[in-house]
Amino acid sequence: MKTHIFKTLLVGLVGGAALNLIMLLTFRLLGFGWNGGGMLLDPSIQNPKLIAVWTQIEPIPLIVSNPTPIIIGLILFGIGHAFIYQWLAPAWPPGVKKRAWRMAALVFGLSFLFWEFFTPFNQLGEPVLLIGLELIFWATIAIVESFVIAAVSEWKPKAG
């Protein structure tokens, strides 16, 4: 039992690290830009309310002003996702691909799709085109994290 929990924690740490890395490459590098000049903050296409939330209204989001707690939180989400994977994977067809795609659909649909609908669309008035771009980012994040979790979970060391 201890080995199973330890392995799931390790899987979650690796999955959380992947989640953080892909978020850095999508939202930070492509979306917001290293210095805030990315397409998601372009005033010619973005709602001023969303720009203000990310750049002007205090407190500025932690991911910008103090990212450490968010990075740690995302790793904790990775650990949570690993436990969910361990719980559901036995009911899914065997194989990393089949299980990873199911996990990605679950994470994307229940977390990221809901987030985009409820916050950027509903509360911040973000244009649908930019929400579409963000959904591509989120899908990429869900897929990468889920494939990492599935691959590490299903990995069996070769007997020597």
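Everything numeric in this text was worked out from a predicted model, so none of it was measured. Below, each value reflects all heavy atoms present in this structure, side chains not excepted, and no hydrogens, waters or symmetry copies.
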Worked check of side chain to side chain contact (heavy atoms under 4.5 Å, CB included) between Leu30 and Leu25: CA-CA 7 Å; Leu30 297 174; Leu25 295 175; over 6 Å; no

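- What you find for Leu41 and Ile51 is that their closest heavy atoms are O-CD1, 3.6 Å.
- To the nearest 0.5 Å, the span separating CG on Leu19 from CG on Leu24 amounts to 11.5 Å.
- No more than 12 heavy atoms of other residues, nucleotides or ligands sit less than 6.0 Å from atom CH2 of Trp101.
- Judged by distance alone, the side chain of Arg99 and the main-chain N or O of Ala150 form no donor-acceptor pair under 3.5 Å.
- Evaluated for a side chain to side chain contact (heavy atoms under 4.5 Å, CB included) with Val11, the options Ile79, Val152, Val148 yield exactly one hit, Val152.
- In this structure, Phe83 places its CZ atom where more than 12 heavy-atom neighbours from other residues, nucleotides or ligands lie under 6.0 Å away.
- Smallest separation of non-hydrogen atoms from Glu145 and Gly78: OE2-CA, 3.4 Å.
- The shortest distance between side-chain heavy atoms of Leu40 and Leu133 falls below 4.5 Å.
- Contact annotation: the side chain of Trp34 approaches that of Arg28 to within less than 4.5 Å [non-hydrogen atoms, C-beta and beyond].
- A side chain to side chain contact (heavy atoms under 4.5 Å, CB included) with Met23 holds for exactly one of Ile141, Thr140, Ile71; it is Ile141.
- Heavy atoms only, all atoms of each residue included: Met103 and His81 are closest at CE-O, 3.1 Å.
- A pairwise comparison of heavy atoms in Val64 and Pro67 identifies O-CD, 4.3 Å as the closest pair.
- Tracing side-chain contacts under 4.5 Å through hydrophobic residues (I, L, V, M, F, W, Y), one reaches Leu124 starting from Ile60; they form part of the same cluster.
- The distance from atom CG of Leu130 to atom CD of Gln46, rounded to the nearest 0.5 Å, is 5.0 Å.
- Taking a 6.0 Å sphere around CZ of Phe121, one finds it holds 12 or fewer heavy atoms contributed by other residues, nucleotides or ligands.
- By the criterion of side-chain heavy atoms lying less than 4.5 angstrom apart, applied directly or through intervening Ile, Leu, Val, Met, Phe, Trp or Tyr residues, Phe147 is not grouped with Trp155; the two fall into different hydrophobic clusters.
- Using a 4.5 Å heavy-atom cutoff, the side chains of Lys7 and Gln86 are not in contact.
- Under the 4.5 Å side-chain criterion, counting only non-hydrogen atoms from C-beta, Glu134 is not in contact with Ile136.
- With hydrogens and angles ignored, the 3.5 Å screen pairs no side-chain donor or acceptor of Thr26 with any backbone N or O of Phe137.
- Between Leu21 and Val144, every side-chain heavy-atom pair lies at or beyond the 4.5 Å cut-off.
- Rounded to the nearest 0.5 Å, atoms CZ (Phe108) and CG (Leu135) are 4.5 Å apart.
- Distance alone, capped at 3.5 Å, is enough to place a donor-acceptor pair between the Asn20 side chain and the Gly16 backbone.
- Here the CZ-CD1 distance, from Phe32 to Ile63, works out to 10.0 Å after rounding to the nearest 0.5 Å.
- Under the 4.5 Å side-chain heavy-atom criterion for grouping Ile, Leu, Val, Met, Phe, Trp and Tyr, Ile131 is connected to Val53 within one hydrophobic cluster.
- At most 12 heavy atoms of other shown residues, nucleotides or ligands fall within 6.0 angstrom of atom CZ in Phe77.
- If you take CG on Leu29 and CD1 on Ile22, they are separated by 11.0 Å, rounding to the nearest 0.5 Å.
- The heavy-atom pair separating Ala82 from Thr8 by the smallest distance is CB-O, 3.5 Å.
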Check against side chain to side chain contact (heavy atoms under 4.5 Å, CB included), Ile45 and Leu129: CA-CA 9 Å; Ile45 56 175; Leu129 182 62; over 6 Å; no

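- Shown here for Asn47 and Gly125, the closest heavy-atom pair between the two residues is ND2-O, 2.9 Å.
- Note on Ile149: it does not cluster hydrophobically with Leu9, by side-chain heavy-atom contacts below 4.5 Å among ILVMFWY residues.
- Side-chain polar atoms of Glu154 and Tyr85 form a donor-acceptor pair below 3.5 angstrom.
- The same ILVMFWY cluster, assembled from side-chain heavy atoms under 4.5 Å apart, contains both Trp87 and Leu106.
- Between Phe27 and Trp138, the ring planes are tilted. Angles from 30° to 60° get that label.
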